[in-house]
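Since the structure comes first, as structure tokens, the remarks are kept for the end.
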2 protein chains.
Amino acid sequence: MTALADRRRHATRSRTAARRAPARPSLPALSRSVEDYLKAVYHLSDHGGVATTKDIALKLMVAAPSVSMMLKRLSALGLVKRVPYQGAQLTREGRQAALRTIRRHRVLELYLTRHLGFAWDTVHDEAERLEHAVSDLLIDRMATALDNPRYDPHGDPIPTADGRIESADLVSLAAAPVGSELELRQVTTQDPERLRFLADHGLVPGLQLTVADRQPFGGPTTVRLRPAGTRQIVGMELAQVLQCRTRAK
Amino acid sequence: MTALADRRRHATRSRTAARRAPARPSLPALSRSVEDYLKAVYHLSDHGGVATTKDIALKLMVAAPSVSMMLKRLSALGLVKRVPYQGAQLTREGRQAALRTIRRHRVLELYLTRHLGFAWDTVHDEAERLEHAVSDLLIDRMATALDNPRYDPHGDPIPTADGRIESADLVSLAAAPVGSELELRQVTTQDPERLRFLADHGLVPGLQLTVADRQPFGGPTTVRLRPAGTRQIVGMELAQVLQCRTRAK
DNA sequence: GTTGTGGATTAGTGTCGACTAAATCTCCTG
DNA sequence: CAGGAGATTTAGTCGACACTAATCCACAAC
Ligand SMILES: [Mn+2]
Ligand SMILES: [Mn+2]
Ligand SMILES: [Mn+2]
Ligand SMILES: [Mn+2]
């Protein structure tokens, strides 16, 4: 008999899922590993491409065979469509699950910076663990406390509770022509050293700037910061990580 | 070769443990299960007693053999001293680990009620999961935001960051003699129904009251609430759960 | 078209933490 | 002090996820 297992399942589920509100569909609760794999596939299969075993393995720091096995399991769960030896993409269900985790991650990051004094270079790791433990209700409460924000501290868009996400088309500072008037919108690195450097120099989302100059052969870009008019030299490596929107003149 | 495993361990640890402050000793990071078992043993071996396999099994809703196995593992880790067929108690190390988890749990509960609008009957489950995912740093930040509180929403004492915990000696309302002047300090149930009922009737920690009457044969206790002077009849079952301190006259 | 090579999968293990069924122990009771 | 009830442990499995070693496939280059 499986009496014990049943009792457990029941106790856990009835207290959290039942009673409260209409509640979202609520899949059978995915494990931490599964959620992290789904996020990885989401981020690697940018705009309809496929995520390869190797890239997933690199991103999650696991061995390639682990990814192979997991993709098979995800495929059995209907979360991923995979072509052996080719790669995988998310199904609609998998995409929803990924976006739910991403929403949690980004709301958490913003909450930690806004309400608990964390710096933007330290929130990622914390959110990476918490995203699997928080309830939807808690995330909604945090989002409310934050006034339903649209972007996380790094400028990444926060998916809505019903799984929609904004897609902006941005140019990296490294690619913007000299003379462009830009608004810095996203910082696509998680490296604490780089993040600290950027924050120290005022290079955070929302910044208005003009591209003043760029040296050839991978040389640095010089920008003029908008409010102050001060100049700032940004090396190629960092410039690539600064995603900007062209400002309406 | 174990190159991959090493890289992982390093990456994880160096970003969290290294750099920041002197940092607490930081054991090799215990799993969720291990932490929950340690808490169970702590709570069941009140004041130097031993926790039995069966009671742990009941509390954690697992089968008895699972407990047997886990106790052996905990014993091997030096977290528990166990006498086969008799029971287990925490070692100093195990006690420290348990108190660390309990601190997290209680700080989380209080933070959720104070800063995120959760009711005291809903915070337990959320904290039960989050306690294993939060960092010490986050807990300290929450504690700071709460002004280093000494009690959680249910009146349970919050262990300090260095592992000390207050022990008050309280009487249950069910045992307090008629005429006692009491302060309600702790509510020792987690049942949401009971908690909601108690809150609805003003029976929360901090309440000043006088025992006005008690019916015999397990009958109800009548109390006079202090500020208002209103009377309240409390059944035996609830009275047992209300832990009070005798008020200095 | 064969072939090489890097990427992917299979095969075989290991660990953690759960389970059921079957021994085994403890201790109360007659 | 023998029996028996109840608690505990052992024995045997299982699923989720990781790993290494060995094999397999795709595709680009000759
Ligand atoms: Mn994660
Ligand atoms: Mn972010
Ligand atoms: Mn827990
Ligand atoms: Mn509590």
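Heavy atoms only: backbone and side chains are in, while hydrogens, waters and symmetry mates are out. Order of the sequence lines fixes the chain letters, A, B, ..., with proteins taken first and strands second; residue numbering starts at 1 for each chain.
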Requested in this report: Taking side chain to side chain donor-acceptor pair (under 3.5 Å) as the test, write out the residues that go with Asp156(A), two or more places apart.
Outcome: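 Residues passing side chain to side chain donor-acceptor pair (under 3.5 Å) with Asp156(A): none at all.
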**Report entry** side chain to side chain donor-acceptor pair (under 3.5 Å) against Glu109(B), all qualifying residues, sequence neighbours excluded
**Finding:**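 Per chain and number, Glu109(B) pairs via side chain to side chain donor-acceptor pair (under 3.5 Å) with His105(B), His124(B), His154(B).
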**Report entry** Sequence-distant partners of Arg104(B), salt bridge (Lys or Arg N to Asp or Glu O under 4.0 Å), two or more places apart
**Finding:** Asp136(B)
Query raised in the report: Which pairs pass side-chain hydrogen bond (donor to acceptor under 3.5 Å, both in side chains) with one or both residues in residues 111-120 of chain B, sequence neighbours excluded?
Result: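 Sorted result for residues 111-120 of chain B: Tyr111(A)-Tyr111(B).
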For the pair made of [atom1] in [X] and [atom2] in [N], what is the distance, rounded to whole Å?
X        : N       : atom1 : atom2 : result
Leu71(A) : dA18(D) : CG    : P     : 12 Å
Ile56(A) : dA18(D) : CD1   : P     : 12 Å
Leu60(A) : dA18(D) : CG    : P     : 8 Å
Met69(A) : dT20(D) : CE    : P     : 15 Å
Met70(B) : dT15(C) : CE    : P     : 16 Å
Asp55(B) : dG6(D)  : CG    : P     : 16 Å

Residue [X], side-chain heavy atoms: nucleotide from [options] that is nearest:
X        : options                   : answer
Tyr85(A) : dA26(D), dA18(D), dT9(D)  : dA26(D)
Ala63(B) : dT10(D), dT20(C), dC19(D) : dT20(C)
Pro65(A) : dA11(C), dT26(C), dT10(D) : dA11(C)

Query raised in the report: In terms of side-chain geometry, is the basic nitrogen of Arg185(A) or Asp169(A) positioned less than 4.0 Å from the acidic oxygen of its partner?
Result: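 No salt bridge links Arg185(A) with Asp169(A).
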Query raised in the report: Base, sugar-phosphate alone, or nothing: which one does Ser66(B) contact when heavy atoms must sit under 4.0 Å apart?
Result: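 Here Ser66(B) touches the bases of the nucleic acid.
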Report task. Assess whether side-chain contact (heavy atoms from CB on, under 4.5 Å) is satisfied between Leu99(B) and Ile165(B), documenting all intermediate values. Result -> CA-CA 8 Å; Leu99(B) 285 172; Ile165(B) 186 169; 4.1 Å; yes
Report all side-chain donor-acceptor pairs from residues 47-65 of chain A shorter than 3.5 Å, counting only partners two or more places apart or in another chain.
from: Thr52(A); atom 1: OG1; to: Asp55(A); atom 2: N; distance (Å): 3.2
from: Thr52(A); atom 1: OG1; to: Asp55(A); atom 2: OD2; distance (Å): 3.4

Requested in this report: Specify the residues of residues 35-54 of chain B, ordered by number, for which at least one heavy atom lies under 4.0 angstrom from an atom of DNA chain D.
Outcome: Thr52(B), Thr53(B), Lys54(B)
Report task. Could you pick out which residue, Gln86(A) or Val34(A), lies toward the 5' side of DNA chain D when each is mapped onto its nearest nucleotide? Result ->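 This one resolves to Val34(A).
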Query raised in the report: Looking only at side-chain N and O atoms, does Ser33(A) come under 4.0 Å of OP1 or OP2 in dA18(D)?
Result: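 Yes.
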Query raised in the report: Can a side chain N or O of Arg32(A) be found less than 4.0 Å away from OP1 or OP2 on dA18(D)?
Result: no
